[in-house]
Structure formats: structure tokens, C-alpha cells
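Step one of this worksheet: look at the structure below.
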Amino acid sequence: MNNSAQTQSIDPALYATATEAIRAEAKRVLEAGTVAAVVGWQAGRRKGSALPAIVTDPTKADTLVFSPACVNNLALYLTKAKKEIRQKGRLAIVVKGCDLRALVGLMGENQLKREELHIIGVVCPGVQGRGEATMAAKCRECAVHTPEGTDVTVGSLPDLPRFTPVESEELARLEAMTPAERWAFWKEHFARCIRCYACRQLCPFCYCEQCLCDRNRPQAVETTPRPAGNMAWHIVRAMHLAGRCAGCAECERACPMDIPLNLLNRKMAKELKELYGHEAGFEVQEKGPLAQYREDDDQSFIK
Amino acid sequence: MTKHDLNYSYYPGCSLHASAREYDESTRGLFHALGIGLVEVPDWLCCGATPAHNVDELLSLSLCAKNLALAERVAGDLAVACAACFSRLKATQHHLAESETKRRQVEYAIDGEVSFAKPVKHLLEILATDLGLDRLAAAVRKPLAGLRVACYYGCLLTRPPEVPQLDCVEAPTIMERVIGAAGAATVAWSHRLECCGANFTLSRPGVVLKLSGDILASAKRAGADCLMVACPLCHGNLDIRQKEIEEATGNRFGMPVFYMTQLLALAVGVAPSKLGFDSMIVNPLPLLREKGLV
Amino acid sequence: MHGHKEKHAFEPKIVAFVCTWCTYAGADLAGTSRLQYPANTRVVKFPCTGRIDPVFILRAFQKGADGVLVSGCHPGDCHYMAGNFHARRRFAAFRQLLDFIGVDLNRLQFSWVSAAEGGKWVEVVTELTERVRAMGPMPEFRELEAEECWSGAIDTPELKEAYETIP
Amino acid sequence: MSRIGVFVCHCGENISRTVDVEKVAAEAARLPGVSYACDYKYMCSDPGQSLLKKAVAEHGLDGVVVAACSPRMHEKTFRSAAKSAGLNPFLCEMANIREHCSWVHEDREEATAKASDIVAMMVARVKKDKRLVPITVPVTKRALVIGGGIAGIQAALDIADAGHQVVLVEREPSIGGHMAQLSETFPTLDCSQCIMTPRMVDAANHPNITLHTYSEIESVDGYIGNFQITVRKKARSVIEERCTGCGICSAKCPQKKIPNSFDKNLGLRPAIYVPFPQAVPNTPVIDRANCTYFRSGKCGVCQKVCGPGAIDYGQEDSLIVEPVGAIVVATGFELYSISEKPKGSPIKGYGEFGHGTIPDVIDGLTFERLASASGPTGGKILRPSDGKEPKQVVFVQCVGSRAREKGISYCSKICCMYTAKHTMLYRHKVHDGQAYVFFMDARTPGKNYDEFWRRAVEEEEAVYIRGMVSRLYQKGDKVVVMGSDIAVGLQVEIEADLVVLATAVQPRTGADTLAQKLGISYDRYNFYSEAHAKLKPVECATAGIYLAGACQGPKDIPDTVSQASAAAAKVMTLFAKSELEREPIVAKVNERTCVACLYCRKVCPYGAVEEKELRDRQGNLIRVVAYVNPGVCGGCGTCQATCPSKSVELDGYTDEQIMAMIESL
Amino acid sequence: MKHTKMQLSTETMNLGFVRKVEALSGSSVRRCFQCGKCSAGCPMRSFMEHPPNRIVRLLQLGQYERVLAGRSIWYCASCETCTTRCPNKVDLAAIMDALRKCSWDARGPSKESLVQLANRLFLDNIRTYGRQYEMRLAAVFNLRSGKLLKDFMLGPTLLTRGKLKMFHRKNRNIGEIEKIFSRIEELRKKGEAP
């Protein structure tokens, strides 16, 4: 068990090799004209940082990188919400295993077509969490280090120690509470929410033209950042992501108020797996767990 | 006999010459008072009653057919007082008219033809229809006001439906209408048509105690002062065995059982001494005195 | 049934979301059969349980419901063939979410009541009403409505007093 | 600002006894947007409706709430009253303060408060109501009839006689169904084939009827007025157009020992065969599983002897697409068999009757074939085991039916009558034979039916024994029947030569699969469900599909024919107009916000959602959105609850309407 | 016999007996569909081991031994309630008469002797006297049935009220009576009457 998982403990050479391979593939496809642009990461100005990049010029392929700082889920840039990118034409995208699950989900939701994408998978040992040196909570329990079903996969996986699954532990801790204790927990967290909607902005699945929560006829969710509306917003969002969220945890990463949003998504994913054996983002499914049914579904909760 | 406009031949039946002599006496008294002629069929025979048809239908039919033939000798429709005799005589006419085979057998047995000519009428029918309730009411001298009567039909007066055709088989009113014409009040009660068990009076008196006991109890419950019957067999069970029933059931009835002719005769002014009240087992005189009828 | 009726200190507010074909008709049948049940329930009619959005349940709690009932056709009896099957999954998931948030699921009842089950409607409504009555008012969402982010909780006596005076 | 009118009904005393209607009206009047409120003794009466109309005109109302009984009772009444007052009918709502309030509560105070709440909710709702107009859909005046038994034939002939085209699809090689198998029919004892075969010929020769035999429904698309049916015509191996029906192929076929299922396997047929001599069409079918040519590649006798060259060994199944506007489902029934129960049958089995191992225990349909003059015995009653004439025949009623523990709770309805008929037929054919019937009740509620049964008992001297049979077992060449006579209170034992079981009537195997293709509902026994047990007994809940005959529940011939004609009449009613009007409670897509995730399409039980391409004036694709076909939409609203952005809305049940109700609490 | 199971076959069902009863009574036996109305209204039901409907049912199955063995048929009061109310026109009272005759003729396997005795004496009385004499009937019945003291207390009461006649006069038609009896016997001997 390694409770203080450090990204530095992973050999930097692994990232360098992956970076090289990404650059080569990007260059190849851009030169060949197979794609109009490559969506990837580039180094940030600050040392040890990275940010999303869209490369259309083969000569700029060398700007692409892969490092522990490549946290962003680039699938976001392919959704309809980011129309200007899609308009460039056929795209290549660099994805970690977790990002790929979002891509697969989007395909199932009629938002992307597999044949319109060139997917460059990158084997990911883990990326940073809060604080540069710490490994992200999601990476500690990652089961998709190596993306499957890509057009090309680069990088290799080192032997990784078993990390402490902090997120699972936190989930278990919450589940063991009484409803009143949980209510207190979430009430405290949601009270802090400032409704900046960073969670929504970064979520690959929040691609609606108009969010339900922005509607005012009728107003289903109060928009001002007051506890009542905050609670409603996070419940509605969790419900809308149930069965769809692939667990990239970008919402939680982006939250300026440190609300453990991914716990909600993890919980829903866990329940849907238990109830209907569903796991999001592993294969393109025409119907998610809440868009289909079996006649013998559990109904023990119904009188 | 021609002085009356209504004349009948008369078949009293065995009981009226014995245990039901008051029925016979009161019938004669009543008819005399009403100006109705009544001539007894000479040397009539027993109709066979229930025992005969119970085990030997041909005998039963033959006895009745013989009586019908004897009645031909006297003018006028045949008036019958006893419900059992009435039922047998009517049933004989009915069955023989329906079955050619039976008619031939009977004709052989009685060595004569079967007569269908003579209408067989129960006294009730004569009073209610032939005489008419208006004439009956007009003849009343001493209305039976204040007397609450439970009219008891028994089983044989109306059944089976197609035979006597005296009145509605399940809800007859002829007795009520007749006694009503004499000014009596009648009570509505449940056991008007139940069987009294007459057939078992000799062999299984226990049966009689049960059946007749139920009848008396029902009349009592309905608030009747007395019962009125038109059948000597019923009378035999309800009146003669009343004390026995009281002992067996522990109920106290004290319910006089009149023949309908007794009450009618009283109403049209026949002297009570001629109506055989003295031969009734349950003494009716206290009741009649109480109501100011004697 | 008749005569004396107990008065309770607390009368819970129950909102029932029902489909028009089965449960609404079942409730109608309870009426035509003159069955009696507590008067706490307010019925909102939907064409089908498939139409019932979890947001409505949330909204009902926010608007002061102490209990919510969702009821429709038995599986296989849906007028629209499959609406209730979809609803069944949707609410199976939603109740887990509410539970995780900390809502006591005793306040949220789901049932199948057919058009022929007037008696069952009475049973379900009565049971839920009595259960919620025993639990008392639902404070959670109602408190949230009254709270402001920056105050967290009303813990100073002055604020509390000022708050109490608000009608 | 809305101008809402509220009308509180007393319903005589039905409401006013427990609800203070004046108070409810007074409180309603104080609600924002309410400009008129009153109470009245009987709102549904003529004066009540006039009151409403007058108020709409006088107060310029733009919405109406009638607080009265259940909308299921009088919504139509008040909406048409509103309509005649010039108000869009969908701006009229009912507040149910009778069934949901006054009848179920006794406390006046509570009931009044609840009634006021209900009214307030409906006032909030009506303010958000939209004006809706009925939807029109074009109608293809052509009908599909599935099943060529008496029900299907009757429906097809009725519709065809009315001048409409009919496509009649039958699974078997010949139409006729069960009725062609029967010997005589109750209660008249007229010969079944004598009345059936002319109808079969009529159907085949009718200029308006297209007959597809040996065919099944492959798929069903579309909706009322506009169905697209794909019919799979199974390979007959015989070219229908060429075949003259001369029968030489069957006569020369060397493979002749195949049990004929039409004769309940009592008789034999060749591999190329027509199921029975009066078959329509009189075109044979090659039973490929039993044909020597198909099994070994050798033989080919039929092809050699066929003059017109109609035999085609290479024939394949073909798919035919038929556009129709209405569908009549008449797939009929089958009898439960104690040896092999139909797939999906809930019956647990009859081990006590030997599970079909006793050869002289047969079912009712087998007895029909034995009694039929054209049957395998030529109408002689001969038992299967040794071909001897049985002298003691025991009939057992309710085998499978009315036995919840055995699996079926319903009454099969026809058995009492056909068993009475069997006892008569048996008596007529075996004069010295004695028929016994074990029964629970004789259910004979039809015209001249009870008289028929009594005739069997009184004149034909069938001995009816009230009481069920406990067990059957073979003893020598007899079948011992252990029963009881509950009127006497004693056990009864009969050593029978033949036992006939009146086994349960069940839907056809595969009825559920067909229902799924058609999108119609069925009960737990797979009988198809009518839309309303009393008022819509021949309609399915799915618009444009109608039921006829035993596929909906056990039925005798007169009932079946009546229902078939009723279904035909429904089809003709539909076809009487070239356009169809329906309630506008359908979903609509907001194309501005739809992102075409198509969750709506995934959950739609009607398949009403399609993709729609939005293009600019030059025809360039802008984007794709969802589109709900209003003709197909059933109006359940599952799409809206599922849509993440609420870009699809169900008219009549919009979020605004619902939220308004919730917020008014 | 009473509780043994019924083996039904054309041999064990005596349908000839059923036809005889139908002929004697003039009523159909098969008509009965066991509604039970006869038993519902029968005043004597509580005295019978087979209620009236079961008598008919046993008859339908040709189980005549079971019918005749019981005392039920002798406990029928001939009140005709069953016949009057039968929804199916089964003349059960007549069927009872027929059954009693069958039992009577066969010198009955019946257990009920007292009713039979009373009937026999009644008919004997008719044959001897032409009319019924109650005193004599009762006295002889008591003597023959061994119930010497039955209704002992009633006799004197009735006598004093003139209800029982100690003496009676012979009927002038007595010859006719004897003739009827003997001619019926003659018919039966010839097999021309049942």
C-alpha cells in the first residue's frame, strides 16, 4: 500500500517515450492529410504544467507532450459544445484510458462517430492530483491504464505499486453513515458551491445546448448560489450523469470549492453496476442502463 | 232444494263424521244461514287420503273415481270440506284426464266410467267465488271485529300448482279474503303453507310435534289470537295435539284453532251452541268472550 | 370507519405522482367504493410513470412535501407498454442517489396500483401517511430553503431573532 | 394576467355532503388569476354547462377549472362545453374533488381544505395550459388480417365486402383454422365443414382479398393508418401460380407415413401434401423435414409427375411488403396438451392423468377428428390404442382451466358445450355406449346453450357427475377413472374404454412474439389485451390494431364471428375518413436546444422518434435533431423525463404545467 | 354399502329401474340438475338420511338399492312443496310415491316399519269399512306396533268431545269397495297395471 502516491516515483523516461511516439503519430497523420487537426496536450508556461492543444500544422506536432500534468480529458473538445473544433474536419485525439471511456460514451450518445476519429491512445501510469507531486485519486484505482480499441496506442506501463484507494474508502465511509450524517456532509459541501459551473464546463457529457438548470420556464433548479438551489443542482447533475459518467473526475478537479463531486458519480456508477451490471465507457452501447429495461428488473423497493 | 239459487252435493269425508264433527256441523249451519243448499252424497267412501297414493296410486285414483261417480247421483257441484279429500279428488280428475292408460285401469277397477262432469269445489271457493265476498259480507250480523286471525292453509289446499287451482299456489289470499269479509283482522305470518305432518300423526307423532310446533310458534309471533284452518287433519294436529306440543317444546300457546266455517257461521249469526266449540280441545270461549263474540 | 376521528398534532403533506391509467383510476375506484383514507395526499396526474421526472420529486420536497408517492401500472400493464419499466430503473437509481445524499427513503414510496386496486391505493396512501406522520415533518429541504450560503447556520441570537420575525 | 373561471360542483350531495363547496369557490376566487368562481348543484347538467359557457363569454375567461368528479368521468363533457363557448378545449381542466376527496374523506374541514388545494393546483396548471389542436394523419385504406381461421376469414370478408383491400396472412398451408377440424358444431349440430368451407372459398375468390398462406408476419412498422407490414412467405417448394391442384404429386409421393397434425396425428399424409381435402388454396406444400429429396437428394418423383412443372425444390422464403392502414389480429388458440405443453404455458402438468402416456386418453380436438366424417376414421369412434369401438367413454372437464394451482385460473369457456356435443355425437354413433362427464359446473350461457346441455343429459342420457377426477390409470385395456359424485358424497370409479379431456384453451404458441412485433400488450397467459374490457373489447391499446376471436380470450364460434365482424366494423370506421384525427397529447421537440443524443428514441415504446436533418436555405446540413412523429407518438412522455435538456416536451403534460402544480402546494 | 364407492358402468347402473320410476310417477328423473331447491324447502329434511335431491341423484345413477334401503322415502310427508317449487318440473312427490310403491311391492328393504304399518292399517280399514274410523285405526296401530299406551291420555278426551265414535255403521257401498280392491289385484295379476 502506498498512501502517499507520488507521480515522481514513476520513471520520467516513460513519459518522454510516450511524448515522442505521440509527436510522430501526429506528424504522420497530419502530413498524410488523414486528419485536419490533432487534439493533444502541450507544455504549459509554468514548468511541470500542461494544457490542451490543437495542432493543425504537421511542423507543430513537436509541441505535443505527455506528462503527469496532462490531466485534462480532451474528449471535451470533441463535443458539440465545442463546435469550432469539430468544424475543422476529421480529427485525431490523444487519449488516456479514462478519457477514452468518455469518447466511447459520446459515441453511444450519437455525438461522435468512430470512423470520423483517429484515436491515439496513450498508456498512462497516472497523472497529478491536487498538488503537483500527488497522484490523482482516480489514478490510484485506475483499471484502464492501457486504452483499448484505439487506432494506435503509445507508451508502456511500468510496474505500479498498489495505491491506497482513497476514493473508495471515502465512499465506504459515507455509505456507513446514517442518512442524517450524510445529509450533514453534503449540506456542508454544497453550501460552499458558488455555481461557477466549472464542473459542467469541463464535463464531456454536459454538452446540452441548454442546460435544464438554466431554464426558467419552468425553473426546475434555483440558479442563485443558495443552499437549496445548490443541493438541487448537484442532485440533478448526478442523476443526469448516472449511467453515462465514465469517471474522469474532471468536475472534481475543476471545482474551486473542493467539493468531492466524483463521489456522487462513483456512487451512481457503483449502484448501476450492482443493479444492472452496467459499466459506462467500455463499449459503444446503443442504450445506457437508464434507457433500457428488463421485465424482471429488481422492484423490491416498489410496493 | 230448489228454493236456493246455490245448490251443492256434499262430500264431507271421514274426519267430518268423527274427529272433525264441529267442521261438519258448522258447515251445515253456515250454509243454511247463507241460503246455500247442501245434499250429502249418499254412502260416499273414503278417498284413500295420503296413505293410498303413497303406496298405491291406482287404488287412490280408483277410490276417488268411485266417489266422483257416486256424487253424480246428487245435483250440484261437489262441495268438499276436507283439504285432503279435496286434493285427492281434484288430483284424480287431473291425472285421469292426462293419462289414457290410467283412466282405462281405473274404469276397470270401478267397473264404470270416470266422470269429469262434476266440478269439485272446496268450501272456500264456493264462499269466495260462487257466493261472492259481497254477499257474504252482507250476510254478516256479528262482525268479528278485533279478532286477529292467522289463516293456515297447510300443504294440500293449493298444491301442486296445476291441481287444485284454488288460488295462487305460493301466496294464496282466499282464506284472508273470506274471513276478512266477516270483519276479522288477519295477520301476516311465515308458516301459512308449511306442512303440519298430518301423515305421521299415527306413526311418528314426534314429527308432528316438531312441524306443528313451528306453525303455532310462528302464528304466536305474528300476534294472532287464533288459527283458522280448512282441513280436519291440520286441525287434528294443531288443536288436539297442542297440549302435547306445548309440553314437548316448552312453549305456551293457548291458541284456539277454528275451522273457517265456525268463525263465519258465528259472524252470520248462527248460535254458538251449534258450532261445536265445546268439542275443541283448546277452549275458544275465553277468547270469543273477550272479543264480545259470544 | 365512521364517527370519531383522531386529531393529530402533525398532518404531513404527501404528494402523489400517479399515472392516469392505473393508479389514478385505482384512486377513482377507491372513491366510487367509498373507501376512507387520510386526507393528506395531493395527487398530480401524469399520462404514465415514464413521464415522471426525478426533478419533480425533488421539487415536491423543496416545496414542503413530507412524503412523496410515485405510483403506476403493474409491470406488463402499462398503457404505453414500457413506460413503467423505464420508470422503474429511473427511480431505482434516483432513490439510491437520494439515499446517498442523506434523504430518509421512508419518505419516498413507490408502488404499483392498478385501476382495479382501489383497496391497495388506500392501503399505500394510508401506510405512507401514517409512517411519515410518525417520522414528523421533513426538515432537510425546508431548512435549505431558508438558509443562505454566507450564513451557514443561523447561530447568533440576533440573527435568530431577526429570522424568527420573518413571517 | 390570466382570467380563469372556477366552477365547483355539488354533485347533488355527493360532494357538498363532505366538502363546503361555497368555501372552496370563495377561496378559489381569491387565487391570483381567477376572475370568476361559483358553485352549482350539477355542473354536468345542461344548466350547469350553460352556466360555464355563459361565464366564459361574460367574463372573457381564458381558462376553466371544473371542480367536480374524476376527469375520467366528465373531462370530455366539460371540454366540449368549453369548446362550444369558443375556448380551446385543452384550456379546460377538472379538479377531482369527488372520487379523490368527498367520497374518501369524512371530516368536513379536512375534505374542504383538500378540495381547495386540489382546485388551487388545477388553477396553477390551467394557467400554463397551451391551446392544442387535434392531429390529423392520413389513412391507407387497406387492411391486414393475421390468421385465416373463422375469425380472420369473417373479418376479411366483411372488410372486403365494404370495398376495401384486405391482405389475409395464414401460417398454415391452408386457411380454415380450427373450425375446419371440427365435426359438428353446438348448439345446432350442423356440420362444421359445411359452413366453413364455403367461407374459405369466398375468401380465396374475393377480388378484394389477397391471400398469403404458409406465411408469417416478419415485421411491422408504422402506425395507425400507415403500417408497413413485411410478410415472410415460406418456401412451399410449389409454384402456386402453376399448380392446378390435381393432387398427383401427393398420390405418387413414396413417403406416405407422416402423421398428419391436422388429424391430431391419428392419420397419415405424404411429404408433399395438402392438410385436408377441402384445403384453400388447394396447393400442396413439401414438408422438407420429411421429404426424401430434401433429406437425401434422391427421389424427385413429384417433380417428374407434375404436368405443369409447378415443383420448385430451390424455392426460397420471400419477403413481401404490404402497406396497410389497419390490422386485425385473429391468431386463435390451441389446446393444452397433457403430454407436451405449449411453449410459455403456465400449466404445471398432469402427472395424475399419466402425462400423455395412456394412449386412450385424448383431448377434445382429437375426439372432433374421430367424430368427423372426413377424419382419419371416417367418422367412426375408434380408440387410438387398438382401434376398437369404446363402450364406456369418460369426459373430464376443466383440465388445466380453472385450476390456479395447476397454472391457469381462467375458464376455457367452450369445453362445457363441446363436451355436451361430444356425448351426443358419441351416442349417435355408438348406440349401446355410455358417456360419463365429470364436471364442476356446466357453464352454458349462450342462446340455446343450456337447452343443448340438458338435451345431452335428458334425452341422450349422458351421465353427468359433479366432481373432479383425481387420477387416471391403465388397467388391462381399460382406463380407470377415479372420481367422486359430490351430490351423493361418494367416490365413483369407472373403467373406461376411452377418456376425453377438455384441456385448456390457450393462445397460439408464439403469440407473445407476434405481439412484440405489433407492439400490442398481452396478459400473463399471452392472450392479447383489449384496450378496455367493456367499452373497447376489440381494440388494442395500440391504435389501429384490432382483435378478433380466441387470441383475445377463449371464445366459441358465434362469439368469435361477432367479434370478427366488430373488428371489421372498427376498421371500416377508420377507413370511412381519409384522414384520422387524434388527441394532440404528443411529444414535440424543441429543435433549438436538441442536441440529438436520441435518448428519446431509445426509450420510446412506439418507435415514434426519428432523426431529422436541419438544413439551411442552400440545403447544407446544419445539424441533426430528434423528431417525434405525431401520428405514432402514444403520448406517454417517457422521452421527456429522459431528455437531459428537456428539449422534448409532451403537450398537455409540459414541465411548466407539472411544476406549476407542484409549486402551488 | 352406504359408504362404499360407486362402480359405474352400464351393468351397475340400473336404468330399467329409473324408467319404471319415471313411468309410475309420470315425471322425468333426468331433468333434475341438482339445484337443491327440493331439499331446501322440505319440512322433513331433518328426518331423512338422504335429502330429496340426493334421492333423485342416486336414481339418476341407477342406484336403486341405495334409495330403497333408506328410510327417507317413508319420511316424505307428501306435502308437495318440492313438486310445487321445482324449477325443472321434476314431480318429486310423485317420484316418492313411485319409490314407496316399489318398496311396498317388494315388501320393502326399507327400515321404516311404523309408517308402513300405519298405511297398511289405513288401507285395511278402507277395505273393511269403506270409511276411516280413527278410533279403530289408532287402537289397532297401537296394538300392532306394541305401543299400547301411545296417546293413552288423548282417547278419553276425544271421546268425551264426541270426536271418536266407538261404533260405526257399515257402508252400503261396501260391496263396491271390495270389488275395487279385487279388480285392481286382478289387473295386477294379469300384468295390466303396475
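Numbered from 1 within each chain, the chains take letters A, B, ... in sequence-line order. Computation of the quantities below employed the complete heavy-atom set of this structure, encompassing side-chain atoms and omitting hydrogens, waters and symmetry-equivalent molecules.
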Within this structure, what is the NZ-CZ distance for the pair B:Lys274 and B:Arg28, rounded to the nearest 0.5 Å? 13.5 Å

So what's closer than 4.5 Å to chain B heavy atoms on E:Arg120: side chain, backbone, both or neither? neither

Answer with side chain, backbone, both or neither: which region of B:Val169 has an atom nearer than 4.5 Å to a non-hydrogen atom of chain E? side chain

Applying a criterion of heavy atom separation less than 4.5 Å, what residues of residues 94-105 of chain B form contacts with chain E? B:Lys102, B:Gln105

Heavy-atom pairs under 4.5 Å with chain E: which of B:Ser62, B:Ser60, B:Pro42 has the most? B:Ser62

For E:Asn53 and E:Ser39, does a side-chain donor sit closer than 3.5 Å to a side-chain acceptor? yes

With chain E, which of B:Thr158, B:Val106, B:Leu211 has the greatest number of heavy-atom pairs at distances under 4.5 Å? B:Leu211

Which atoms form the tightest heavy-atom contact between B:Thr261 and B:Ser26, and what is the distance? OG1-OG, 2.7 Å

With chain E, the option among B:Asp214, B:Asp56, B:Leu156, B:Ile110 that has the most non-hydrogen atom pairs under 4.5 Å is B:Asp56

Note: B:Val282 and B:Gly254 closest approach over all heavy atoms is CG1-C, 4.0 Å

Provide the closest heavy-atom pair for B:Gln93 versus B:Ser115 in the form atom of the first, atom of the second, distance. NE2-O, 4.2 Å

Please determine, among E:Thr81, E:Thr83, E:Ile177, E:Asn125, the option with the most heavy-atom pairs under 4.5 Å with chain B. E:Thr81

How about E:Ser27 and E:Ile95: do any of their side-chain heavy atoms sit closer than 4.5 Å? yes

Rounded to the nearest 0.5 Å, how far does OH of B:Tyr11 lie from NZ of B:Lys118? 14.0 Å

Cut-off 4.5 Å, heavy atoms of chain B, and the answer for E:Leu24 is backbone

How close do B:Leu202 and E:Phe141 get, heavy atom to heavy atom, and via which atoms? O-CE2, 3.4 Å

CD (E:Glu185) with more than 12 external heavy atoms under 6.0 Å: yes

Heavy-atom cut-off 4.5 Å, strictly under: side chain, backbone, both or neither for B:Ile240 against chain E? both

Give the minimum heavy-atom separation between E:Val29 and E:Gln60, together with the two atoms involved. O-NE2, 3.0 Å

Assert top hit (heavy-atom pairs under 4.5 Å, partner chain E, pool B:Leu45, B:Asn199, B:Asn54) equals B:Asn54

Need one label for B:Leu59: side chain, backbone, both or neither, based on atoms under 4.5 Å from any heavy atom in chain E. both

As an exercise: rank B:Cys155, B:Ala109, B:Cys195 by heavy-atom pairs under 4.5 Å with chain E and give me the winner. B:Ala109

Of the backbone (N, CA, C, O) and the side chain (C-beta and beyond), which part of B:Phe200 lies under 4.5 Å from a heavy atom of chain E, both, or neither? side chain

Would you check if there is a donor-acceptor pair between the side chains of B:Arg241 and B:Thr201 at a distance under 3.5 Å? yes

For the side chain of B:Arg192 and the backbone of B:Cys151, is there at least one donor-acceptor N/O pair under 3.5 Å apart? no

What part of E:Leu123 gets within 4.5 angstrom of chain B, counting heavy atoms only: side chain, backbone, both, or neither? side chain

Heavy-atom cut-off 4.5 Å, strictly under: side chain, backbone, both or neither for E:Glu192 against chain B? backbone

Could you give all pairs that pass the ring pair (Phe, Tyr, Trp, His ring centres under 6.0 Å) test and reach residues 175-194 of chain E, with sequence neighbours left out? none

Residue part contacting chain E, namely of B:Lys210, when any heavy atom lies under 4.5 Å: side chain

Of B:Glu244, B:Met280, B:Lys243, the largest count of non-hydrogen pairs under 4.5 angstrom with chain E goes to B:Met280

Point-to-point distance, once rounded to the nearest 0.5 Å, from NE2 of B:His53 to SG of B:Cys47: 9.0 Å

